[in-house]
Each structure stands twice: as C-alpha cells, then as structure tokens.
Amino acid sequence: MHTFLPIAYFEDHFIPFAEAKLSVATHALHYGTAAFGGLRGIPDPENPRHILLFRLDRHCQRLSNSAKFLHYDISAAKIEQIITDFVRKNQPKSSFYIRPLVYSSGLGIAPRLHNIEKDFLVYGLEMGDYLAADGVSCRLSSWHRQEDRSFPLRGKISAAYITSALAKTEAVESGFDEAILMNSQGKVCEATGMNIFMVRHGQLITPGPEQDILEGITRESILSLAQDLGLSTVQRSIDKSELLIADEVFLSGTAAKITPVKRIESFVLPTERPITQQLKTALTAITENRNPQYAHWVNTISLD
Ligand SMILES: Cc1ncc(COP(=O)(O)O)c(C=O)c1O
C-alpha cells in the first residue's frame, strides 16, 4: 500500500487527501479522457528544509500540452504554481512522487471533448525505487505501442496506459519484471512507463521521437548529459535483434530513473555496464543538485 501525502489539490482547493473524492459518473473514469504528469521530489541532502524538483518547467509544459488534446486550456505557469504550493503544504520529509492530473470532470455519457467540464488535481505519495535499482529482466511484449495516427502520443494521455497495464501484467505473470513494447512497425519503442536506451560499440542509441515513444524528460536529459560527457549518441530506430545482443540496455524515466536491464527474454546482457553506470552517477548528482553546471535543471522549494 502507498503512503499518500496528507494534502491534495482538488477542485481549486488544498484539502486532506482522504476527502478528495470523485463521482462515479466522472467522464474521465469511463472514457480515459485525462492526462497526467509525474515528478519526483527529494529533500536536498544538504538541507532537508529544501525540496528539489527535477525539471519542473518541462513537466509542467508537457502536462499543459497534454491538456490541449483534451481541449483544456491550462498554462504551464499555473500548473507550476499549484505544484509549488502543493509541496509547501505537504512539508515532505522523504523522497516522494507528485501526480498532477488534468481530466474531464463533468458527469455525462458520450465520449467527447467539447461541452464537458475539465479540472486539474494534484496528489502525492512517498516513493523509493520504482524498479529494482540493480537491474530488471524484460519480456518482449505481445502488445504493441499505439500509433500517433490513432492516438496523440505527444500527450501523456491516461487512456494509453491500458496498453502499458496489459504489457506489464503479461510480463510479470510470465516471470519477468518489466515489458519492452515494439511500435507498429515492429521496432523497439519503450517500456511500460520508461524510455529505452542501448549501447553498442560505445555508442548510446535510443529510438527517436518518430518511433511513437513518449517524449520522456529523463530521456531528453540523458541525451544532453551524454553529449556533454563526450559520448557518441544517436536517435534512430532499433531492431529487436540489435537489442538482444546489445552491450548495455537501460530504461529511463522519472519513476525508474536509470534502471539497467539484466536480461531480455532468454538473452542475458553483460554485467559490466560502464556507460549506464557513468550516466547514472552523473544523473543522480544532478538531481541532488551537486553539479552546478546543471543547477538550472533543478527547482529548489523552501519549506520555511
Ligand atoms: C510510457 C512512458 N514512457 C516514458 C516515460 C518516461 O518519461 P519521463 O522521463 O518524462 O518520466 C514515461 C513516464 O512518464 C511513460 O509513462
């Protein structure tokens, strides 16, 4: 069971989490007409009265853009202000996860986006490691990622996560930790809530945005970090057979951070992972605000 943060933002107010309740007729519940974000917050190791949020501006911009697909106009600045207030109200003491959601809040039958009210809520929960930090086994899913022509993949739309849920359960029920989904072209796409990277011949490779991935903020950060570290990087389509014999594979995401992949189906990957390790160490230092070069990626919220 999760430990939820005590205060939620709901229907324009900060109220106790337990009192934030929706009607059974809520449109988003029936039609998946919602979109969400997900951010991690950690107390600053140097000063626990300061909370560090990684790339808050990017997360708020992505959610504001997702809301456009729901025909809901909410600015990134407004989301950012509410999240900042949310953190101050909750006074978190350990590492946590913030879940903002835009959703069609009206009560009514018929899938549509016009003539239905929308709203915005935020809640949070304590969160340590989402996946085992030392690495995971992955199944190649029988479920494929949606295509942009049938689904707005640039948005983090709630309805899309039925595919992630199917893939994750299929993987876990067959003895794996996580699933890797192919796109409709049969190329490697991403995991159920993470982007994917592989290393071959010293080069860091990840599927490009045209491969129907979610444009992950961790992914984007890793690409610029790798370039700054002098690593060779490329965004291109990845075949299944390349992935299975890669030198290193890892998953990236807000929840998963950088999680190494130990095995894909019956293909065991090397245990030496120098590039994954280098990126993981560098990214951890950045999220803990220990690298002044990337201080602009970290928002500090004072609890005083
Ligand atoms: C399907 C999917 N892909 C990738 C990611 C990684 O994105 P980010 O790094 O912005 O958390 C997520 C998590 O939000 C996700 O749900």
Side-chain angles (χ1 to χ4, degrees), residues 32 34-42 53-67 69 76 79 83 95-102 122 124-125 127 129-131 136 138 141 143-148 151-171 178-184 187-198 204 206-226 235 238 249-259 261 279-280 282-284 286-287 294 297-299:
F36 63 93
L39 300 87
R40 269 184 187 273
I42 52 167
L53 299 184
F54 183 63
R55 308 209 76 174
L56 175 62
D57 56 340
R58 279 285 203 281
H59 282 279
C60 296
Q61 190 59 60
R62 185 173 66 190
L63 188 58
S64 170
N65 285 339
S66 296
F69 292 115
I79 298 171
I83 289 179
S95 118
F96 62 103
Y97 184 78
I98 304 169
R99 170 51 60 82
L101 181 85
V102 290
V122 186
L125 49 141
M127 187 185 273
D129 284 337
Y130 178 79
L131 293 175
V136 290
C138 292
S141 184
W143 297 98
H144 287 221
R145 169 87 169 153
Q146 303 92 351
E147 298 183 72
D148 198 68
F151 211 100
L153 296 177
R154 296 280 174 320
K156 213 168 140 46
I157 310 291
S158 299
Y161 284 81
I162 182 63
T163 310
S164 290
L166 286 162
K168 178 82 178 187
T169 293
E170 178 188 64
E178 208 7 88
I180 296 170
L181 287 82
M182 302 292 163
N183 63 21
S184 58
K187 303 293 182 187
V188 174
C189 190
E190 60 181 12
T192 62
M194 311 101 207
N195 293 111
I196 189 163
F197 285 81
M198 73 170 182
L204 185 67
T206 192
E210 79 294 347
Q211 296 295 312
D212 287 341
I213 61 168
L214 181 87
E215 292 178 340
I217 293 161
T218 320
R219 171 189 178 278
E220 176 200 323
S221 307
I222 290 169
L223 281 172
S224 19
L225 172 62
Q235 301 180 57
I238 297 179
V249 176
F250 65 83
L251 307 177
S252 76
T254 298
K257 303 177 197 170
I258 289 181
T259 300
V261 174
L279 290 168
K280 191 172 171 166
L283 190 66
T284 304
I286 294 170
T287 54
Y294 295 93
W297 281 3
V298 184
N299 267 68

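On a predicted model such as this, the values are computed, not experimentally measured, just so you know. Every number for a ligand or one of its atoms is a count from 1 in the order of the listing. Note: hydrogens, waters and symmetry copies are ignored here, and every other heavy atom, side chains too, is used.
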In terms of heavy-atom contacts, S66 and I157 come closest through O-CD1, 4.1 Å
Please say which of R145, Q211, R219 ends up in a side chain to side chain donor-acceptor pair (under 3.5 Å) with E190. R145
What distance do L53 atom CG and C60 atom SG have between them, rounded to the nearest 0.5 Å? 9.0 Å
Using the six-membered ring wherever Trp is involved, compare the ring planes of F54 and W297 and label them parallel, tilted or perpendicular (cut-offs 30° and 60°). perpendicular
For the side chain of D148 and the backbone of L153, is there at least one donor-acceptor N/O pair under 3.5 Å apart? yes
Sub-3.5 Å pairs, protein N or O with ligand 1 N or O:
| unit_1 | atom_1 | unit_2 | atom_2 | d |
| --- | --- | --- | --- | --- |
| ligand 1 | 3 (N) | E190 | OE1 | 3.1 |
| ligand 1 | 9 (O) | I217 | N | 3.3 |
| ligand 1 | 9 (O) | T218 | N | 2.9 |
| ligand 1 | 9 (O) | T218 | OG1 | 2.5 |
| ligand 1 | 10 (O) | R62 | NH1 | 2.8 |
| ligand 1 | 10 (O) | R62 | NH2 | 3.1 |
| ligand 1 | 10 (O) | I217 | N | 2.7 |
| ligand 1 | 11 (O) | T254 | N | 2.9 |
| ligand 1 | 11 (O) | T254 | OG1 | 2.6 |
| ligand 1 | 14 (O) | K156 | NZ | 2.7 |
| ligand 1 | 16 (O) | K156 | NZ | 3.0 |
| ligand 1 | 16 (O) | Y161 | OH | 2.5 |

Aromatic contact between Y130 and Y97, with the criterion being ring centroids under 6.0 Å apart: yes or no? no
